[in-house]
Amino acid sequence: MKILEVENITKKFGDYVAVNSVSLKAEKGKILGVLGPNGAGKTTTIRMIMDIIAPDSGTITFNNGLSKESMKDRIGYLPEERGLYKKMKIDELLRFQGRLKSLSGKEADRRADMWLERMEITDWKKKKVEELSKGMQQKIQFIGTIFHNPDLLILDEPFGGLDPINANLIKDIILELKKQGAAILFSTHIMESAEKLCDEIILINKGELILSGPLSKVKEQFNKNNILLDYTGPDGFLNENAMIYKYNNYGNHVEIELNEHIKPQDFLKKIIDRVEIRKFELREPSLNDIFIEAVGKKNNGDRV
Amino acid sequence: MSKKIFAIIWREYVTRVRTKGFIIGTLITPVFMAIAFGGIFIFALLFTPETKKITVIDESGQIYNKMISMLNDTLKGGIPEYEWVLYKTDTVSADSAALHLQRMVMSKEIDAYLNIPENIYTEKKVRYSARSVSDWEELAKIDRAISRIVTDHYLTLKGVSPDSIRAVFEKGKIELITHQVTDEGEVSKGSVSSFILTYILAYLLFLLVMIYGQIVSRSVIEEKSQRITETIVSSVKPVDLLVGKVTGICLLGLTQLFIIGLFFLLASAYAAYGFMSFGINSPELMEIMNEMKFSVPVFGFLLLYFLLGFLFYATIYAGIGSIVNTEDEAQQAQMALIFVIIISFFLMFSAAKAPESTMAYWISIVPLFSPVVGFARVAVTDPMLPDGIIISVIVLILSVIGTIWLVSKIYRVGILMYGKKPGIREIIRWMKHN
């Protein structure tokens with residue numbers, strides 16, 4: 001079930017096109033990775049969804065019948081640029097944030113207590129923000145983002161600045177919220193974490209959508225007939241020009257990209273008598289590879 | 001406008017009202033003001049004057065006796081005001097006498113010496129020499145005494161008795177009693193007291209608007225520099241954040257104004273006892289104290305002008321906060337604003353003197369000046385309302401709304417802009433932007 005649907009939104013700042021006709025949708029119980037290099041337009045896209053800035057054209061629809069204003073209470077947003085009021089006490093701060101999401105003071109207190117317990121920082125509840133470590137402040141910020149049980153969770157680089165233990169804790173909670181049915185928009189430029197968490201991705205570069213779809217489909221699309229081969233003996237088999245598009249030889253390890261119509265099976269048959277094979281592996285592209293290729297191609301294309 | 005605005009107001013108010021800075025500031029301000037205003041009176045009255053030793057060279061030989069008989073007042077405590085000595089010039093020349101007296105003044109044996117020339121009736125110049133010649137009251141006294149002696153001399157020459165002339169002048173003396181014409185007839189009103197009260201309250205208004213305006217500015221900069229803004233505006237509209245912030249800090253200012261007002265009320269009620277316990281019993285002072293009363297409309301207008309003036313200036317301060325990144329950067333822009341408020345403070349003096357003048361009328365309509373100047377006009381003409389004060393309030397209300405509208409356009413872009421400070425052109429582009 002769709003929670004959010006964004007269609008062809010465009011945003012210009014003067015002559016600079018920050019976001020150009022980007023579309024996406026967030027579904028219940030799914031994590032959508034919004035990927036792209038720094039300055040691609042991810043944050044601008046999110047700010048338009050959050051109604052912080054208005055798009056020049058395009059539509060943003062919430063499919064639960066709520067208006068933009070009341071929808072704000074159903075969204076949890078963790079911006080990339082984040083901070084807390086240094087002079088406020090933790091419990092007061094969370095109550096304030098709860099009230100900004102239309103929770104009653106009491107309800108906000110109750111939920112804050114629960115989450116502080118879970119994050120093992122209950123002892124710090126009466127302390128001021130400035131007395132906390134950076135990691136603890138990040139946790140408080142995360143509680144403030146999720147403790148009103150949002151239908152839509154927008155996380156902009158949620159693991160930035162967290163140590164592995166806390167990053168893991170946050171990751172577990174994100175997956176838990178997903179299981180409970182939240183639609184999650186996860187923006188990052190770190191592909192490893194996106195690869196592990198996302199069900200679907202969109203890739204934005206220079207304001208334009210260059211890729212979108214379920215992670216597995218995207219990977220398939222970028223599957224390039226890549227082979228990793230460990231061998232012993234002469235490398236004459238690499239002269240099979242009809243089959244090989246390009247290769248990168250390390251002496252006894254070679255990365256081969258086959259021509260499009262060539263099946264790895266046939267290639268193996270052809271060379272099996274000519275070289276001693278120790279390992280033959282079909283390699284799926286990582287999201288990192290896809291990112292570099294898609295973004296690189298696009299940038300080269302722009303230059304031509 | 002949503003309910004969330006109350007959460008913003010609550011946060012701005014509560015997190016500040018309990019800080020040490022606010023509590024100390026609130027307690028110190030009335031004490032400080034009491035010292036500043038009351039202290040002037042107290043010190044002037046507590047100051048014990050001493051007998052002044054003045055030596056006179058009377059070359060004419062006709063002035064000295066008459067003069068000292070006129071200047072023979074006694075001071076508090078029964079001591080004489082002046083101790084006069086006549087310098088005998090029978091054996092020495094006036095010049096060497098003066099030289100001698102100069103040394104005595106320098107060595108502080110005497111405070112001053114007078115040199116009355118031989119032909120005083122024609123030359124009419126008397127020299128007064130002292131270590132300092134700034135006591136204009138004393139100079140006027142001596143001037144008056146000698147002038148009278150010279151005048152008497154010429155009256156006698158004309159065959160007229162000076163005493164009879166003086167009796168005539170005495171008969172002709174009148175007293176000008178200030179009355180103010182109001183709707184309910186005439187009321188007597190001291191001009192000094194109404195001006196002092198106006199001055200104190202206008203100063204308070206000016207101080208509070210300036211101080212609290214800067215708090216607003218600082219608050220916006222804090223949210224920007226601590227990267228809090230984006231989290232907040234994802235829950236509330238920027239204009240709600242702006243209005244909530246300004247309102248919350250306004251309430252803080254009203255709290256302080258209320259406490260200071262209460263202090264003044266108590267002070268004016270018990271000031272007489274206070275002065276008496278200091279051993280001061282001055283009828284003039286009591287009269288001023290008695291006339292310095294808060295009338296309800298004046299207090300109402302003080303609140304109204306504080307509220308509107310604060311909202312007007314604080315919104316501009318918030319706009320400044322949103323376009324800069326640090327407090328240092330904000331200071332330059334704030335200087336311009338403080339300058340404008342100070343100008344309105346100076347304009348207040350002229351407006352309080354001539355509250356019905358055309359200039360005072362128009363200045364009290366300009367929203368930049370109307371809080372201080374408009375209030376001053378109300379306070380001085382109390383219990384009557386000066387012309388155009390309703391227009392002044394209406395223009396100010398409209399200006400507040402207009403300023404909020406205009407600044408919110410800058411604010412919602414500015415609060416999310418980091419890095420380079422924008423130029424005027426860029427700010428105008430923000431305002432056009434949707």
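The analysis underlying the following values was restricted to heavy atoms, covering all of them including side chains, and did not include hydrogens, waters or symmetry mates.
- From Met210(B), atom CE reaches atom CD of Gln334(B) across 10.0 Å, with rounding to the nearest 0.5 Å.
- Heavy atoms of Thr15(B) lying under 4.5 Å from chain A belong exclusively to its side chain.
- Contacts with chain B were tallied for Gly83(A), Pro79(A), Gly105(A); Gly83(A) has the most, counting heavy-atom pairs under 4.5 Å.
- Surrounding CD of Glu120(A) are at most 12 heavy atoms belonging to other residues, nucleotides or ligands under 6.0 Å away.
- Each of Arg111(A), Lys126(A), Lys127(A) was checked for a salt bridge (charged side-chain N to carboxylate O under 4.0 Å, His left out) with Asp91(A), and the lone residue meeting it is Lys126(A).
- Proximity to chain A (any heavy atom under 4.5 Å) is shown, for Arg16(B), by neither the backbone nor the side chain.
- Within the 4.5 angstrom heavy-atom criterion, only side-chain atoms of Ile52(A), from C-beta onward, approach chain B.
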Go through the steps to decide whether Glu222(B) and Lys87(A) satisfy the test salt bridge (charged side-chain N to carboxylate O under 4.0 Å, His left out), and finish with yes or no. CA-CA 11 Å; Glu222(B) 187 208 354; Lys87(A) 299 281 177 199; over 6 Å; no

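- Arg82(A) places a side-chain N or O within donor-acceptor distance of the main-chain N or O of Asp156(A), the cut-off being under 3.5 Å.
- Heavy-atom pairs under 4.5 Å with chain B peak, among Tyr77(A), Tyr85(A), Phe96(A), at Tyr85(A).
- At a 4.5 Å heavy-atom cutoff, Lys89(A) makes no contact with chain B through either its backbone or its side chain.
- Note on ring orientation: taking the six-membered ring where Trp is involved, the planes of Tyr212(B) and Phe310(B) are perpendicular (angle over 60°, cut-offs 30° and 60°).
- When the candidates Met50(A), Lys86(A), Glu80(A) are compared by the number of heavy-atom contacts under 4.5 Å with chain B, Lys86(A) comes out ahead.
- The contact between Gln141(A) and chain B is made entirely by side chain atoms (from C-beta outward), counting heavy-atom distances below 4.5 Å.
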